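Below is one structure; the comments refer to it alone.
All figures in this text were calculated on a predicted structure; none of them were measured in a lab. What you see below is based on every heavy atom in this structure, not just the backbone, and it leaves out hydrogens, waters and symmetry mates. Counting convention: from 1, in listed order, for ligands and their atoms alike.
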Amino acid sequence: MTKPPKHPYGPRTRAVRGGMNRAFQETSEGLFLTSGYAYDSPEQAAARFSGEDDGYIYSRFSNPTVQMFEERLAAMEGATWCASAATGMAAVTAALLGQLSAGDHMVASRALFGSCRYVADDLCSRFGIEADFIDGTDLSAWGEAVRPNTKLFFLETPSNPGLEVLDVQAIADIAHLHGARLLVDNVFATPVLQHPLEMGADLVVYSATKHMDGQGRVLGGAILGNDEAILADQLRPFLRNTGPALSPFNAWVLVKSLETLDLRVRAMCDNASRIADGLAAHLGKPLRAVTYPFRDDHPQAEIARRQMEAGGSVVTIEFAGDSEQAQAQAFRFLNALELIDVSNNLGDAKSLATHPRTTTHSRLSEEARLLQGVTPGLVRLSIGLEDAADLLGDLDAALQSC
Ligand SMILES: *Cc1c(COP(=O)(O)O)cnc(C)c1O
């Protein structure tokens, strides 16, 4: 495997200056809102198409602004390469369909984001790619699910919305023992808090829509890795020919947003951690659980502390009571919030609350939902950048009204 590039600068410097490609000594990155490029001559056009000249051809293939985003994110992640996509789901789909063929098998953690589960399960099976969905926290289950045709392990940590934390290093070792690759959806941790490639993962995938934009404006996604062959032979042909390209405008918004990602994510984590502790005062009544990866009562707190720099920006709460009561309580609570918005997004500067069972995970069967902790009483809180005291005040008042 290719070694990741060594960067002379620290992570914050890379986030601000990585990938910069100036045309006129501009201080802000240029927005090249162009779909195509003219050539000096037919010979140059031919050389571009044959690969002898690596200039731009068409923005479905590459674009200067998109490339700045990709190079900056690769520098932040410590990856050799980054391939962007129009959305996080376009990146996940390309990562799976670019690598797997009919007759291949994948082992995936069952705690997956709803659309990831659709692609890995419903869509892949239509094209003859089989998958087993296991309890990812049970390390022996990974090896037991392996078949002779297993090519890929796929997991999300912390998971959306259950906040299950999986041991990336241990699972990467099991994958490699069986000749399979590990793909990690690192959306909840962001490149600020967790580096799956350093822990042995082969590929990392992101929704840039979440913390990277972080201000609710644009959609985007990315796949990163260190093995050039995966990009050159599998992902690039898939991305270039099927066309889930990131718009140059969105890439420009995202490349600027990466400059402040570290500051925003750390501030969100500080807020989230204070809020998780504050919410614990409501345990017993009306809450059955408050879940946050860095709290001592999280079942995988030790793994979380080992592989993440902070606990992330998401806290979940679960209302007590039987299913109908618990869901009614959750709805009463959501209706009572005055500051925090009801929305299905996350990683935003604005704090957002979601009822996963009836929104992001509504398409799954009740059985699949319950297996990943998506109960009728579960509410996901994406903590933003407001004052923690204001957020806690809003949450306390809404909980008291339940
Ligand atoms: C949101 C999300 C995605 C999908 O990203 P989009 O940009 O919405 O397509 C994938 N995985 C996780 C964990 C997510 O939270």
Minimum heavy-atom separation for His195 and Glu77, please, with both atom names.
CD2-O, 3.9 Å

Salt bridge check, Arg147 against Asp132: does any charged N sit closer than 4.0 Å to a carboxylate O?
yes

Heavy-atom proximity to atom 11 (N) of ligand 1, best of Val187, Asp185, Asp213
Asp185

Does any N or O of ligand 1 fall below 3.5 Å from an N or O anywhere on Ser207, backbone included?
yes

Check this for me: does any side-chain nitrogen of one of Asp348 and Lys350 sit under 4.0 Å from a carboxylate oxygen of the other?
no

When you measure from the centre of the six-membered ring of Phe294, is the NZ or CZ of Arg305 closer than 6.0 Å and no more than 45° off the axis?
yes

Where do Asn344 and Thr354 land on the side chain to side chain donor-acceptor pair (under 3.5 Å) test, with the steps shown first?
CA-CA 5 Å; Asn344 58 286; Thr354 309; over 6 Å; no

With a 4.0 Å cut-off on N to O distance, would you call Asp262 and Arg266 a salt bridge?
yes

Could you tell me whether Phe188 and ligand 1 have an N or O pair separated by under 3.5 Å?
no

Students should be able to answer this: which protein heavy-atom is nearest to atom 9 (O) of ligand 1, and at what distance?
Met89 N, 2.8 Å

Who's the nearest protein heavy-atom neighbour of atom 15 (O) of ligand 1, and how far?
Lys210 NZ, 2.8 Å

Give the atom numbers and elements of ligand 1 that come within less than 4.0 Å of a heavy atom of Gly88.
5 (O), 6 (P), 7 (O), 9 (O)

In ligand 1, which numbered atoms sit nearer than 4.0 Å to a non-hydrogen atom of Gly220?
7 (O)

Could you tell me whether ligand 1 has any atom less than 4.0 Å away from a heavy atom of Leu219?
no

